[in-house]
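One structure below.
Bear in mind that the values here come from a model prediction, so they are computed numbers and not experimental data. Side chains included, hydrogens not; waters and symmetry mates left out as well; all remaining heavy atoms used.
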Number of protein chains: 10
Amino acid sequence: MSSATSSTSTAPLSDLPPICRALFEAKAASGLTFEQIGKAMGRGEVWVASVFYGQAKPTPSDLKSLALALQAYDPNSNIDHASLMEQLGENWYPVRGLGPMPPTDPVLYRLYEGLLVYGYPIKAIIHEKFGDGIMSMINCKVNVEKKPDPEGDRVVLTFDGKFLPYSKW
Amino acid sequence: MSSATSSTSTAPLSDLPPICRALFEAKAASGLTFEQIGKAMGRGEVWVASVFYGQAKPTPSDLKSLALALQAYDPNSNIDHASLMEQLGENWYPVRGLGPMPPTDPVLYRLYEGLLVYGYPIKAIIHEKFGDGIMSMINCKVNVEKKPDPEGDRVVLTFDGKFLPYSKW
Amino acid sequence: MSSATSSTSTAPLSDLPPICRALFEAKAASGLTFEQIGKAMGRGEVWVASVFYGQAKPTPSDLKSLALALQAYDPNSNIDHASLMEQLGENWYPVRGLGPMPPTDPVLYRLYEGLLVYGYPIKAIIHEKFGDGIMSMINCKVNVEKKPDPEGDRVVLTFDGKFLPYSKW
Amino acid sequence: MSSATSSTSTAPLSDLPPICRALFEAKAASGLTFEQIGKAMGRGEVWVASVFYGQAKPTPSDLKSLALALQAYDPNSNIDHASLMEQLGENWYPVRGLGPMPPTDPVLYRLYEGLLVYGYPIKAIIHEKFGDGIMSMINCKVNVEKKPDPEGDRVVLTFDGKFLPYSKW
Amino acid sequence: MSSATSSTSTAPLSDLPPICRALFEAKAASGLTFEQIGKAMGRGEVWVASVFYGQAKPTPSDLKSLALALQAYDPNSNIDHASLMEQLGENWYPVRGLGPMPPTDPVLYRLYEGLLVYGYPIKAIIHEKFGDGIMSMINCKVNVEKKPDPEGDRVVLTFDGKFLPYSKW
Amino acid sequence: MSSATSSTSTAPLSDLPPICRALFEAKAASGLTFEQIGKAMGRGEVWVASVFYGQAKPTPSDLKSLALALQAYDPNSNIDHASLMEQLGENWYPVRGLGPMPPTDPVLYRLYEGLLVYGYPIKAIIHEKFGDGIMSMINCKVNVEKKPDPEGDRVVLTFDGKFLPYSKW
Amino acid sequence: MSSATSSTSTAPLSDLPPICRALFEAKAASGLTFEQIGKAMGRGEVWVASVFYGQAKPTPSDLKSLALALQAYDPNSNIDHASLMEQLGENWYPVRGLGPMPPTDPVLYRLYEGLLVYGYPIKAIIHEKFGDGIMSMINCKVNVEKKPDPEGDRVVLTFDGKFLPYSKW
Amino acid sequence: MSSATSSTSTAPLSDLPPICRALFEAKAASGLTFEQIGKAMGRGEVWVASVFYGQAKPTPSDLKSLALALQAYDPNSNIDHASLMEQLGENWYPVRGLGPMPPTDPVLYRLYEGLLVYGYPIKAIIHEKFGDGIMSMINCKVNVEKKPDPEGDRVVLTFDGKFLPYSKW
Amino acid sequence: MSSATSSTSTAPLSDLPPICRALFEAKAASGLTFEQIGKAMGRGEVWVASVFYGQAKPTPSDLKSLALALQAYDPNSNIDHASLMEQLGENWYPVRGLGPMPPTDPVLYRLYEGLLVYGYPIKAIIHEKFGDGIMSMINCKVNVEKKPDPEGDRVVLTFDGKFLPYSKW
Amino acid sequence: MSSATSSTSTAPLSDLPPICRALFEAKAASGLTFEQIGKAMGRGEVWVASVFYGQAKPTPSDLKSLALALQAYDPNSNIDHASLMEQLGENWYPVRGLGPMPPTDPVLYRLYEGLLVYGYPIKAIIHEKFGDGIMSMINCKVNVEKKPDPEGDRVVLTFDGKFLPYSKW
């Protein structure tokens with residue numbers, strides 16, 4: 001009794017390696033959430049979603065736990081460790097960056113607008129608190145939480161990145 | 001014995017109303033941080049910086065407490081409540097959005113890169129946790145914290161925005 | 001005696017999931033209008049058209065009534081509830097935003113021109129009547145009416161969106 | 001006892017003829033709203049705001065009633081009929097179109113997003129109801145109303161434009 | 001003894017519905033000119049070419065006379081009234097606008113250059129002769145004539161469009 | 001009793017040499033139309049407007065007749081032959097091309113739309129009637145006529161340009 | 001014993017009609033240079049290359065001599081006069097303009113840079129020597145010569161175009 | 001009895017150092033052509049024009065001969081060797097690249113079109129004659145000649161650049 | 001026991017000739033690094049990678065040593081000298097330039113940012129040390145080294161390019 | 001006996017704070033090179049040039065040694081420690097990123113071309129040697145050396161940046 005989506009023929013999924021589209025279809029078939037997969041893998045759900053979107057590089061161990069998680073819920077899954085290793089393993093590195101800019105999707109655009117409106121204030125506070133440098137987006141953890149609120153639940157999106165001071169020479 | 005900066009002649013400050021540049025100069029003269037001004041005003045520091053960058057609309061009461069905070073540290077300050085009211089008061093509304101896109105400054109670019117790399121994963125998690133809708137950037141609080149870490153301090157940037165479900169009709 | 005269009009091979013339909021193109025073809029075969037489908041579904045016609053263009057997320061109940069409406073007029077329709085659920089159901093979320101900008105099509109361009117010419121005046125009136133904030137495009141109903149007029153019928157296009165005041169913190 | 005804003009040194013006002021900036025300052029000094037000025041002139045408020053933004057061409061009679069309205073509230077106003085005639089009269093035609101695209105300001109962006117998301121559905125409904133043609137943005141009235149709502153007031157934005165069928169030859 | 005072109009695999013023909021490409025191939029096979037087809041249909045040749053390029057919406061009667069014209073010269077033509085009705089009939093509306101801008105093709109670029117160089121002068125003359133308004137491109141006839149000239153034949157390109165005065169409200 | 005416009009401080013006039021702005025002011029003061037000036041100079045009105053917009057290079061004789069025409073109606077005009085010769089004479093050549101593209105002004109945009117919609121059809125007809133080549137925009141006359149029509153006056157815009165066949169070598 | 005290249009699947013060849021790609025493959029198989037083909041056709045080599053890239057329109061006679069030249073060296077060539085006539089003959093006109101701008105390929109970019117650096121000086125010298133007008137790119141011959149030089153051979157690229165004076169009217 | 005142009009307030013001259021504008025004014029006052037100045041300096045006229053446009057770096061000896069040439073024709077010239085040395089001497093290096101791209105001016109656009117149409121053919125011939133490499137735009141001489149022709153004089157534009165083979169390592 | 005990656009269906013590999021994708025797959029199957037292949041060929045590893053990405057032109061001898069290196073590790077490899085010669089040999093020249101700009105991938109973006117931040121300083125130092133001219137990117141060797149460092153290994157990226165002085169004429 | 005350049009009125013210097021322009025003028029007046037200033041400050045010359053271009057943040061101690069270096073060679077210099085502290089001190093942070101992209105200047109463009117051509121190969125080698133991560137442009141030293149070579153001196157440009165592995169979470 002399958003309920004797999006096949007809308008992987010449109011952007012951004014159509015811009016990804018075939019294995020990524022297969023992952024989305026396997027996830028749909030399994031009925032699992034990213035949160036559930038993340039827990040099974042011992043990883044954060046945003047990071048796991050990044051793997052699905054081809055934006056992060058999993059270790060062989062990640063690929064193993066991912067295959068296990070999917071197979072546990074769908075024994076017929078054609079996603080096994082070997083095929084993941086072949087396509088997202090040693091010889092694969094993400095070419096990061098997805099979608100048009102400015103984003104046309106409203107969910108993504110709001111983050112872009114956050115940068116347009118609050119970018120310079122954020123920069124000013126970082127400089128005031130840390131000095132000349134940046135918040136790393138390489139050594140950075142991204143988190144999305146649901147905060148219940150009687151006036152409407154809230155999304156709490158956190159970037160937790162290492163401060164990198166500018167080197168002089 | 002002044003130490004005011006006069007680098008307000010370059011972008012983005014040169015794109016702001018003169019009162020904004022005057023605010024930056026008064027802040028520099030006072031030696032106050034945004035955190036200190038924010039505490040004196042009972043406002044968050046990122047929001048206060050947004051006022052300085054012409055990206056938020058303060059209430060008359062905000063303008064009063066802002067003038068008081070600056071004058072407390074620099075009695076010679078030419079920033080008084082009346083001039084703030086005249087230029088950032090009832091008749092003034094922000095035209096929001098500042099700076100070039102993609103941003104050329106590395107601090108700002110890292111946020112842009114966060115959207116390029118983690119945008120679709122964030123969207124996927126929001127949909128999984130909340131359904132069809134967006135995180136509001138209008139009803140949203142932005143926060144920057146310094147988290148000490150032996151391997152290098154970390155910047156924790158938080159967007160806390162109301163979830164808005166798509167209406168149907 | 002079919003009269004289905006097959007011009008779904010060009011933009012913007014070619015950018016949509018296959019199910020959307022199938023919907024357009026089923027609608028053409030049925031001879032139904034969006035208004036008729038909307039009435040059968042208890043939904044507004046612009047919203048129904050948004051579903052066809054992959055820009056809105058229908059509920060399972062919407063998909064049921066949509067399938068029923070199409071099948072009522074074309075028993076041979078290959079659009080049934082199950083296929084709609086599989087492709088526009090739980091695992092599918094719209095990636096919104098369609099077509100090039102500025103739009104090249106004159107119908108769409110006129111709306112763009114409306115923003116170019118009347119955008120700032122509209123913003124000024126919103127601020128004057130509501131204060132600092134925006135008209136939501138998430139909690140918003142869009143309507144197109146035909147208003148007979150002896151000098152030429154008129155299109156009355158309405159956006160009815162919730163006012164969202166800017167939060168402070 | 002002045003309360004005039006002087007923030008006319010930034011965009012979009014800095015892109016307008018000096019007379020437009022003078023109009024905004026006179027309006028601020030008078031304390032009048034666009035609605036009040038519009039009523040005094042017998043014109044819609046969005047249209048009046050368009051004149052202030054240099055996006056509409058007033059008649060000599062409009063300029064007369066505009067000068068009268070402003071002077072009635074501020075006898076010291078330097079906006080008189082003669083200066084309006086000299087600068088917005090016979091020899092002046094608007095060069096329409098204001099501000100960057102895509103808009104960076106959230107109020108304006110939401111309208112742009114409305115076009116991105118609902119543009120093709122609107123086009124489809126117009127064709128279904130009227131045939132091949134467009135909604136004129138030249139012969140079009142734009143209106144902004146405040147609709148009280150217990151769950152939050154709503155902005156009702158209306159474009160009422162003549163349908164123009166495509167000519168054949 | 002066919003001589004049909006098959007270069008319909010490149011832009012702009014590759015961006016058009018398959019029926020349009022079929023029309024170009026049928027025209028090539030028939031040896032007819034747009035002028036000849038136009039006369040057979042009782043339509044202007046530029047308008048007929050617009051139909052071929054998917055930029056105009058023909059009536060059922062236009063489609064009938066078009067099919068007849070093509071079949072008269074090529075009885076083996078697979079372009080019949082039924083297939084035209086199915087693909088360019090009731091359910092089809094043009095998504096207008098074709099090709100990159102600025103145009104790279106020199107024939108098209110010259111028109112673009114005409115706008116760059118003579119656009120403001122044309123606007124000035126229109127305002128001087130008609131007042132505030134535009135030349136409609138919806139209610140407009142476009143014509144291309146060959147004018148013999150001993151120093152080299154001349155192209156006479158005419159846009160004959162209705163003047164639309166700006167409405168006030 | 002002056003009625004000169006001073007709105008030459010905004011685009012596109014602000015992008016032109018000062019002498020061009022002076023010409024517009026002198027024309028406004030004189031009350032002359034381009035048609036009247038053109039007749040006095042023995043030149044077409046669109047071409048004369050092109051000189052005002054800095055898009056055409058007048059001969060010394062053109063400058064003489066232009067100065068005479070303006071002075072005849074305004075003896076106090078500071079536009080004399082010498083100042084025109086100094087600034088638009090031998091050492092001056094137009095840097096042609098004015099205004100943003102795509103144009104934001106609706107009058108100009110309609111011409112742009114004409115190219116988007118009818119560009120390829122026009123190209124096809126030119127090739128059909130003349131062969132491989134272009135309509136020159138250098139050796140081209142541009143004309144704007146008012147054609148009375150009971151259903152609304154019409155603008156007749158004509159480009160009369162030499163056909164240039166592509167050379168082979 | 002073929003040695004034909006099949007790299008015609010990438011830009012810019014992938015943007016050309018199939019016949020163009022076939023021509024490149026036939027040329028590769030034949031081992032002929034553009035210079036040799038040009039001599040056999042009595043045409044310049046740059047012009048012949050332009051035909052291969054779909055940027056020039058050959059006469060039927062050109063197509064005949066082209067087919068002969070290719071067949072002389074490769075009797076098995078599937079490029080014959082009939083297929084060239086069918087695809088590059090009467091019904092085909094170039095849509096000129098190839099590749100992205102600014103060009104990313106260094107050979108092409110250097111020409112672009114020549115325009116960036118020497119464009120205005122070239123314009124100034126043309127005006128000084130010829131007056132107001134342009135060098136035609138339609139009536140223009142392009143030539144590439146190899147000039148031996150002990151310090152390194154030199155490329156001599158020549159554009160020989162008719163001067164076209166601007167018309168007045 | 002001066003005849004100096006003052007149109008240096010518009011682009012591209014307004015983007016150049018003040019000394020460049022002074023050079024153009026001095027040249028206009030002197031009545032000299034670039035060809036005459038070039039001969040006096042022992043330099044090519046296009047190169048001399050490049051110095052005027054701030055696109056080439058003259059030697060101290062070039063500046064001396066340039067000052068002498070201008071002063072010989074206008075003893076009152078304020079262009080002397082010392083001021084040239086101060087502003088275009090040791091401490092000055094060109095920031096090359098002038099004007100918008102694509103160029104809007106027709107003279108410049110034709111060169112751009114030459115690249116659009118003949119760029120790949122030129123690249124193909126360079127590779128065929130020289131192998132893998134480029135024509136240098138650094139070690140390159142640019143020349144503009146007038147070639148009389150009974151059917152209309154011709155502009156002969158030549159780029160004579162060193163071939164640079166790609167290094168391997 | 002294959003471990004070949006098949007992610008060559010996405011950018012930038014999808015923009016390359018099929019032989020390039022085959023090379024990447026053969027390399028993955030062989031388990032060789034670019035460094036190892038480079039050593040076997042007597043070439044630098046960055047240059048070898050450039051060949052794989054279609055950005056450099058190998059000699060026949062390079063192709064021979066490349067085929068040998070791959071076959072030595074995978075006798076079943078379908079990459080032999082003949083197929084390389086056919087597709088990357090005499091008739092093939094790189095169309096250089098790969099990927100979007102600004103780059104979205106963080107590894108590539110950092111180099112772009114290096115240019116944004118240090119570009120003018122680098123230019124200033126080159127001029128100070130060498131005079132007016134450029135560092136050639138044609139006669140240039142690119143090298144990537146790993147420099148161990150207790151605080152974290154460092155990437156040392158070197159461009160070693162010939163200085164080319166600007167020619168005068 | 002001054003020889004100061006005043007060409008600081010054009011880009012990119014015109015985009016910098018006034019103190020930066022003053023620094024360039026002081027350097028020109030002193031006759032010092034960046035190398036000499038760097039040695040006097042104990043800093044690398046590219047970094048020192050970055051301070052002049054407003055792209056790096058100096059410490060108070062850097063500003064002291066900079067002022068001393070300039071004053072040692074020009075006692076009349078108006079660049080003293082106090083003015084540097086006021087304008088480039090505690091309250092000033094660089095807004096990094098300078099100049100248009102793609103760069104029009106050939107020196108800068110060659111670096112951009114290096115990224116276009118060798119970007120993916122560099123990325124591939126970094127991944128092969130270091131794994132998934134980037135070369136930091138924050139913790140990075142940039143160096144320009146002159147390497148004498150009998151066939152023409154060479155520029156050796158080095159980026160020495162810390163490798164940053166991607167974090168997982």
Could you tabulate the donor-acceptor pairs under 3.5 Å formed by side-chain atoms of residues 161-169 of chain D, not counting sequence neighbours?
residue : atom : partner : partner atom : Å
K162(D) : NZ   : E151(C) : O            : 3.0
S167(D) : OG   : I138(E) : O            : 3.1
S167(D) : OG   : C140(E) : N            : 3.1
S167(D) : OG   : C140(E) : O            : 3.3
W169(D) : NE1  : V142(E) : O            : 3.0

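In this structure, the portions of D153(C) lying under 4.5 Å from any heavy atom of chain D include both its backbone and its side chain. In this structure, no portion of Y109(D) lies under 4.5 Å from any heavy atom of chain C. Heavy atoms closer than 4.5 Å to chain D are found nowhere in P102(C), neither backbone nor side chain. Contacts of N143(D) with chain C are absent, with no heavy-atom separation under 4.5 Å from either backbone or side chain.
Looking at heavy atoms from C-beta onward, P94(D) lies in side-chain contact with K57(D) at the 4.5 angstrom threshold. At least one side-chain heavy atom of H127(D) sits under 4.5 Å from a side-chain heavy atom of D132(D). Taking the side chain as every heavy atom from C-beta outward, Q71(D) and I79(D) never approach each other to under 4.5 Å. For the pair L66(C)/L23(C), a side-chain contact is recorded, criterion being any heavy-atom separation below 4.5 Å from C-beta on.
Chain C is approached within less than 4.5 Å, heavy atom to heavy atom, by T33(D), F34(D), E35(D) from residues 30-44 of chain D, ordered by number.
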_Please evaluate residues F52(D) and Y120(C) with respect to the criterion ring-ring contact (aromatic ring centres under 6.0 Å, His included), reporting the C-alpha separation (whole Å), side-chain torsions for both, the decisive distance (0.1 Å), and the verdict._
CA-CA 10 Å; F52(D) 275 62; Y120(C) 280 101; over 10 Å; no

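A salt bridge between E113(C) and R96(D) is absent, with no side-chain N of the basic residue lying under 4.0 Å from a carboxylate O of the acidic one.
When the candidates L98(D), V46(D), L111(D) are compared by the number of heavy-atom contacts under 4.5 Å with chain C, L98(D) comes out ahead. For the options I126(C), I134(C), T158(C), I125(C), heavy-atom pairs under 4.5 Å to chain D are most numerous at I125(C). When the candidates G133(C), P103(C), P12(C), S136(C) are compared by the number of heavy-atom contacts under 4.5 Å with chain D, P12(C) comes out ahead. Top candidate by heavy-atom pairs under 4.5 Å with chain C, chosen from V51(D), D149(D), V156(D), is V156(D). Between chain D and the residues F159(C), Y118(C), W47(C), the largest count of heavy-atom pairs under 4.5 Å involves F159(C).
With sequence neighbours excluded, the residues satisfying salt bridge (charged side-chain N to carboxylate O under 4.0 Å, His left out) with D160(C) are K147(D), R154(D). Every salt bridge (charged side-chain N to carboxylate O under 4.0 Å, His left out) that E128(C) has, sequence neighbours left out, goes to K27(D).
Heavy-atom neighbours of K146(D) NZ from other residues, nucleotides or ligands within 6.0 Å: above the threshold of 12.
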